[in-house]
Amino acid sequence: MYTISKLAEILSSESKFVDGQSVITHLVVDSRSIVFPENSLFFALSSHRDGHDFIADAYRKGIRNFVITDKKYLDFASDCNFVLVDDALLALQNIATAHRNAFKLKTIGITGSNGKTIVKEWLFQLLAQDYQIVRSPKSYNSQIGVALSVWQIDEKHNLGIFEAGISAQNEMHPLAKMIKPEIGILTNIGEAHAEGFSSKKQKLIEKLKLFANASLFIYSPDYVEAVIPAQIPGRAKFTWSCTQPADLRINTIEVGAVKSILKATFRGDSIHCTLPFIDKASIENGIICWATLLAMGYLPEQASFRLSKLSPVSMRLSLKHGINQCSIIDDSYSADISSLSIALDFLNQQNQHPKKTVILSELFETGKDDRLLYAEIAELLEQKKVNRIIGIGSHLAVSANMFNIEAEFFDDTAAFIKAFPHIKFDHETILVKGARRFDFSKISKLLTQKVHDTVLEIDLNALVGNLQFYRSQLKPGVKIMAMVKAFSYGSGSFEIANLLQFHKVDYLAVAYADEGIALRKAGINLPIMVMSPEESAFEAIIKYKLEPELYSPDILKGFLNALPNDCVDFPIHLKIDTGMHRLGFDGREIEELIQIISQNKQAQVKSIFSHLVASSEVAHDDFTQGQIEKFESIATSIIDVLGYRPLLHIANTGAISRWPASQLDMVRLGIGLYGFDAALKNNVGLQTSMVLKTTVTQVKTISPGDSVGYSRRGIMPGGGTIATVKIGYADGYNRTFGNGVGKMLINGHLVPTIGSICMDMTMLDVTGIEVKAGDEAIVFNHQHTIADLAAQINTIPYEILTSISQRVKRVYFYE
């Protein structure tokens with residue numbers, strides 16, 4: 001047990017206590033994710049934002065123990081304990097290291113570029129019957145994530161499995177100190193996070209530092225060819241390879257319809273195993289697990305049997321549209337306390353429905369007594385303001401009296417499915433969270449609207465990563481207005497707005513009032529600017545507390561006249577035309593603008609702004625500089641009359657990094673959130689946040705000279721094979737992509753269209769490629785990008801994104 005005074009002693013830091021015996025059981029780095037405040041220690045970390053800014057929020061939620069780096073906060077409140085340190089992140093890591101050193105458990109450390117999380121989760125499945133295992137939740141492998149993972153260790157655990165991820169030099173040493181791996185595993189070294197290193201070799205050497213003191217290192221020689229043997233760590237080594245001599249030499253891989261059979265040589269004997277997967281990545285990860293079991297002393301027969309029972313791992317929960325206007329959060333592949341807490345945090349981000357329901361299976365392999373386990377879960381649900389629980393499993397049903405919310409329990413999944421027609425689900429957000437043996441995928445299917453085979457997948461983690469990238473480019477104090485107009489560039493409405501609200505952007509902007517009204521009805525309470533307000537919408541704008549962009553004397557006077565007589569300081573925004581010549585007060589209207597607002601008492605100018613025409617284009621830099629200077633001059637003249645300073649903003653996505661002087665008080669972030677910025681070469685620093693995919697409906701063999709599609713526009717002189725996929729111009733796949741202009745990825749091959757694009761279908765020339773009905777066809781992803789598609793038809797990424805029709809189902813993934 002740790003007290004705040006004990007932790008301060010570990011840190012050798014200056015402290016100010018009101019109660020030095022306050023017990024600490026939880027370490028908190030995010031004021032939005034507080035569950036047990038009375039026993040939590042909040043770390044005011046500073047990265048993209050200063051953690052001290054959130055102390056007040058944490059205090060309101062009940063936290064009274066803080067680690068700070070700014071001395072002035074020692075006097076924040078008289079009923080709090082404070083530990084003053086030089087570096088809050090280092091303090092968090094030092095506490096985790098001290099905690100790790102208090103236990104003598106075997107640990108497995110995993111690093112690499114790809115496959116870390118899958119290998120960790122599969123090793124958990126393979127070893128759980130022999131060990132009490134503590135492991136990283138989801139993919140908690142960062143400087144913060146590893147510390148929080150290690151903090152979970154307690155006396156019942158005898159094996160830890162932790163993953164470590166880095167993105168720059170000198171990051172691995174603190175992770176190695178916290179994990180102290182006895183066994184090290186290196187997974188595939190790919191291109192992920194390559195921008196932080198000068199070469200692949202430099203990245204590999206940094207990753208290998210995790211295993212400097214490992215007793216056993218498991219790896220493929222193919223992964224470490226960039227270094228000399230002396231640089232390979234581990235007092236003992238176990239190798240595997242498909243191409244060269246190794247302790248486990250894979251000789252053949254036979255890929256079937258649903259499983260793969262691997263034959264290998266181990267210690268001079270022929271051995272084999274069956275993996276219930278057929279994709280290349282899963283086979284590679286499966287081989288790593290096979291090598292690990294053999295290196296740990298398991299017999300080949302034991303290893304083969306366990307590997308054949310592996311289950312798929314979904315490390316991403318998904319948000320989908322459900323029946324009866326519900327939102328479904330599908331996390332149906334795993335259930336443990338850590339991942340449940342993460343899923344509940346995501347549930348709490350959803351504000352589109354007032355009611356929140358959790359469908360939960362009983363939990364296994366926690367090492368906790370049922371009474372203590374379900375009491376903790378009941379408290380967790382209450383803290384997260386869940387309204388209803390549907391529990392599945394006999395152990396959970398026995399603990400029904402612990403839940404002081406609306407509750408219903410079933411002995412198994414079959415019993416729930418039988419009762420499903422009589423259970424009411426309506427306008428609520430439902431988290432489906434279950435252990436694998438309960439097969440909750442059946443429940444998810446019942447609750448989810450039928451998904452069209454063409455799906456736009458939105459990676460919410462990537463979107464947040466892009467937001468944080470731009471935050472890192474901003475000067476201190478600069479605010480962010482996120483553009484969510486046009487259905488958030490085709491990616492969704494409240495789903496994206498909820499995420500942005502949770503991650504504390506300062507403003508949202510929509511094109512029309514009805515978009516803003518929809519967000520208000522979905523529980524979004526951020527300030528929302530309406531960029532194209534119509535006079536017919538003024539009443540609704542006032543009712544729903546939206547903030548209009550006013551761009552001409554007539555619309556300004558019209559809106560002011562629409563305000564109730566008793567209205568005071570209603571927020572408005574003034575648009576200045578500095579060269580775009582689309583909307584905005586031009587230079588000749590500024591005097592009239594000043595006259596109108598100087599006589600106004602009912603409205604308050606929240607911001608004055610303009611729009612840069614070509615902030616990403618070097619050829620127009622002089623014009624851009626002129627726009628900025630003109631805007632600042634006009635804004636100053638308006639401020640002089642107002643007597644107060646509104647927010648000033650002119651920088652769009654492209655200007656944030658190219659024109660830092662234009663950041664002013666706020667920036668408007670648009671398509672950069674989704675991974676595209678013409679000002680960044682190859683979008684360096686951004687992540688692809690969307691994948692558009694469909695499926696093959698039918699495969700046909702075409703005779704020489706036959707035509708394909710309407711008007712016989714597709715001709716195959718030599719014959720061949722075509723695949724018809726379920727996307728057409730009604731889905732937003734433009735007709736100009738026809739006749740070989742457009743391309744899609746199928747089974748790793750880029751294949752061209754043939755013939756005209758149909759309303760609901762497109763034909764692809766797949767001659768020479770193994771393709772079957774049901775195979776996935778990628779319209780765009782991180783390899784075949786939206787920018788590639790835009791170039792094919794001479795347009796811009798904006799048009800590609802916003803053209804994706806509403807009938808294409810959006811599925812949101814969050815890790």
Between CG of Asp760 and OG1 of Thr724, what distance do you get to the nearest 0.5 Å? 12.0 Å
Please report the C-alpha distance between Lys726 and Thr762 in whole Å, then the side-chain angles of each, then the deciding distance to 0.1 Å, and finally whether the side chain to side chain donor-acceptor pair (under 3.5 Å) criterion is met. CA-CA 7 Å; Lys726 298 178 181 180; Thr762 293; over 6 Å; no
Take Thr265 and Asn251 through the test side chain to side chain donor-acceptor pair (under 3.5 Å) and record every step on the way to the result. CA-CA 7 Å; Thr265 302; Asn251 299 316; 2.9 Å; yes
Please determine which of Gln352, Arg810, His321 meets the side chain to side chain donor-acceptor pair (under 3.5 Å) test together with Glu495. His321
Under a 4.0 Å N-O cut-off, is there an ion pair linking Lys743 with Asp765? no
Less than 4.5 Å apart, side chain to side chain, heavy atoms only: is that true for Met716 and Thr767? yes
Between Ser444 and Asp330, is any side-chain donor less than 3.5 angstrom from a side-chain acceptor? yes
Quick check: closest heavy atoms across Ser241 and Ala246, and the distance to 0.1 Å? N-CB, 3.7 Å
When you compare the side chain of Asn652 with that of Leu669, does any pair of heavy atoms fall below 4.5 Å? no
Salt bridge present between Asp731 and Arg807 (N-O < 4.0 angstrom): yes
Given side chains that start at C-beta, do those of Lys116 and Ser136 come closer than 4.5 Å, heavy atoms only? no
Heavy-atom side-chain proximity of Thr753 to Tyr733 below 4.5 angstrom: yes
So that I can tick it off, tell me whether Lys263 and Glu254 are bridged by a salt bridge, with the cut-off set at under 4.0 angstrom between side-chain N and carboxylate O. yes
Any Leu186 side-chain heavy atom under 4.5 Å of Ile110 side chain: no
Kindly determine whether Phe266 and Trp240 satisfy ring pair (Phe, Tyr, Trp, His ring centres under 6.0 Å), including the steps that lead there. CA-CA 10 Å; Phe266 172 61; Trp240 68 268; over 10 Å; no
Using a 4.5 Å cut-off on heavy atoms from C-beta on, say whether the side chain of Ile342 contacts that of Pro137. yes
Looking only at side chains, do Tyr470 and Asp677 share a donor and an acceptor under 3.5 Å apart? yes
Could you go through Asn285 and Ser282, starting from their C-alpha distance and side-chain angles, then the distance that decides it, and tell me whether this counts as side chain to side chain donor-acceptor pair (under 3.5 Å)? CA-CA 5 Å; Asn285 292 331; Ser282 294; 5.6 Å; no
Carboxylate-amine/guanidinium contact Lys693 Glu457, below 4.0 Å: yes
Donor-acceptor pair, distance only, cut-off 3.5 Å: does the side chain of Thr653 make one with the backbone of Gly670? yes
Under 3.5 Å, is there a donor-acceptor pair linking the side chains of Thr239 and Asp247? yes
Does a side chain donor of either Asn188 or Glu284 reach within less than 3.5 Å of an acceptor in the other side chain? yes
The single option from Ile359, Ile323, Val432 that satisfies side-chain contact (heavy atoms from CB on, under 4.5 Å) with Ile328 is Val432
Does a donor on one side chain sit under 3.5 Å from an acceptor on the other, for Ser339 and Lys433? yes
Looking at side-chain heavy atoms only, is the closest gap between Asp222 and Gln244 below 4.5 Å? yes
Within the structure provided, determine whether Thr292 and Ile185 are in side-chain contact (heavy-atom separation under 4.5 Å). yes
Do the side-chain N and O atoms of Glu515 and Ser493 include a donor-acceptor pair separated by under 3.5 angstrom? no
Is a side-chain donor-acceptor pair under 3.5 Å present for Thr795 with Glu799? yes
